[in-house]
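Ligands are counted one by one from 1 in listed order, and the atoms in each one are counted from 1 as well.
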Amino acid sequence: MEDSNSPDFLDKFFLNCSFATRALHAGEHVGQPQHTSHSGAIYQSSTFVFQSAAEGAEIFAGERAGYVYTRLGNPTVRLLEAKMNALEGKEVKLANPKDVRVSSLAFSSGMSAISSSLLALCGQGDTVIMGDVVYGATEHLAQNVLNRFGITTVEVDTSDLNAVEAVLKKHPDARAFLFETPTNPMLACSDIEAIAKLVKATNPRMMVLVDNTFATPYLQRPLALGADVVLHSTTKYLCGHGTVVGGVMTTTHDEVKDKTYGVIKDVGGSPSPFDAWLVNSGIKTLPIRMDKHCANAMEIAEFLEAHPKVERVYYPGLETDPHHAVASKQMSAFGGMVSFDIVGGIEAGRKLMDEIEIFTLAVSLGCVDSLIQHPASMTHACVPRDKREKAGVTDGLIRISVGIEDSADLIQALYDGLAKV
Ligand SMILES: Cc1ncc(COP(=O)(O)O)c(C=O)c1O
């Protein structure tokens with residue numbers, strides 16, 4: 001049986017394979033007590049059987065490998081974690097070139113991955129530096145939960161390296177530096193490598209955490225660019241089918257993994273085995289899905305940019321986008337998310353969201369089918385208005401998650417929808 005307590009590892013064979021091969025094969029044998037099922041099995045069990053009282057005691061004491069209880073570890077969850085090692089871990093430069101270890105932990109939600117990582121890293125009196133545009137709940141976590149435990153958050157526009165330098169000068173002892181790139185919902189991009197260098201030059205112990213949900217490891221690998229921790233809402237592209245709420249963190253630091261595992265153990269937040277299995281299945285088609293998401297989003301961004309009822313389009317793939325250069329440097333393509341300001345503000349936006357065909361009016365993103373939503377009243381409603389508007393999240397901003405339908409149908413739907421506005 002795979003040792004559920006052993007350190008995670010990168011499968012060295014799969015490190016030499018392309019992303020698509022790793023997405024399909026890496027991890028498939030990991031954590032599975034039996035090797036006979038072709039598809040990794042779903043161990044939908046809360047607890048595991050000991051062969052004898054002595055064996056149970058040894059497993060509990062850490063003297064013998066074995067599963068105990070699903071909050072503490074589960075074969076199906078291990079499989080997903082092993083696959084994530086192989087996807088986020090490629091090209092990571094560790095101190096010892098022979099040491100290709102990175103570790104992943106799966107969670108019951110993206111927010112659980114983010115909150116558990118921050119709780120593992122920070123304690124009372126600590127400071128977290130955070131991007132000024134992040135998912136609404138991440139912002140809420142900082143302002144309404146972490147602050148109650150004496151953890152202070154300082155915000156910075158991470159796409160401005162001068163601002164990053166200034167905030168680091170002011171807070172050299174911060175424990176963590178967390179940002180999204182591209183951001184939700186403004187699609188602003190920040191230079192991961194440059195930020196990691198600035199952070200490490202200020203304080204080598206400050207951890208750089210990147211929320212890679214919008215890009216996925218197929219398009220961008222923050223650990224290879226110097227980040228210490230990568231976070232995902234697997235709810236989105238990694239699962240890809242809108243059937244799971246889940247999260248994952250991957251790190252190059254054993255002690256960060258161990259501390260975060262300690263938070264899962266005691267606070268909870270481990271995923272259901274069935275959900276982990278669904279995410280693992282979804283990842284197998286991530287490359288071909290992302291190729292189509294990206295191609296469709298590019299076409300749609302170009303269509304919207306030329307439309308008279310659209311004031312401004314936010315998509316880092318457009319050469320006119322201020323974040324195009326940074327995105328081109330660190331991403332292999334620009335993702336499937338597009339935001340835009342509609343002429344006529346919120347009233348026009350409401351009309352479009354109510355009238356449009358094919359696009360489903362729903363939050364979340366990264367599904368195979370296209371979604372449309374209004375950040376100011378939905379995903380980012382919990383961010384105070386002045387802060388929201390300062391970040392560009394105006395009442396007229398619409399965010400679309402471009403699916404993998406035929407692009408001509410999506411453009412026709414947008415064309416017809418905008419005609420009714
Ligand atoms: C960038 C980003 N990070 C984290 C989350 C939180 O993920 P979850 O809803 O799985 O908790 C979201 C959710 O939309 C997100 O967009």
Parallel, tilted or perpendicular: ring planes of F303 versus Y415, cut at 30 and 60 degrees: tilted
Provide the closest heavy-atom pair for [X] versus [Y] in the form atom of the first, atom of the second, distance.
X	Y	answer
S190	T158	OG-OG1, 2.8 Å
Y67	F48	O-CB, 3.4 Å
L318	E302	CD2-CG, 3.9 Å
V368	E405	O-OE1, 4.0 Å

Close N or O approach (M111, ligand 1; < 3.5 Å): yes
Nitrogen or oxygen of I114 less than 3.5 angstrom from that of ligand 1: no
Protein residue, atom and distance nearest to atom 13 (C) of ligand 1, heavy-atom basis: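 Result: K236 NZ, 2.6 Å.
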Protein contact to atom 15 (C) of ligand 1 [nearest heavy atom, distance to 0.1 Å]: Y135 CG, 3.7 Å
Candidate with minimal heavy-atom separation from [atom], of [options]:
atom	options	value
atom 3 (N) of ligand 1	T235, T379, D211	D211
atom 16 (O) of ligand 1	V245, V134, N184	N184
atom 7 (O) of ligand 1	P185, S108, S233	S233

Ionic contact status for R385 with E389, cut-off 4.0 Å: yes
N-O pairing of K200 and D228 below 4.0 Å: yes
Enumerated ligand 1 atoms positioned under 4.0 Å from heavy atoms of S109: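 Under 4.0 Å from S109, ligand 1 has these atoms: 10 (O), 11 (O).
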Numbered atoms of ligand 1 (with element) below 4.0 Å of G246, judged on heavy atoms: 10 (O)
Location of contacts on V363 toward ligand 1, heavy atoms closer than 4.0 Å: neither
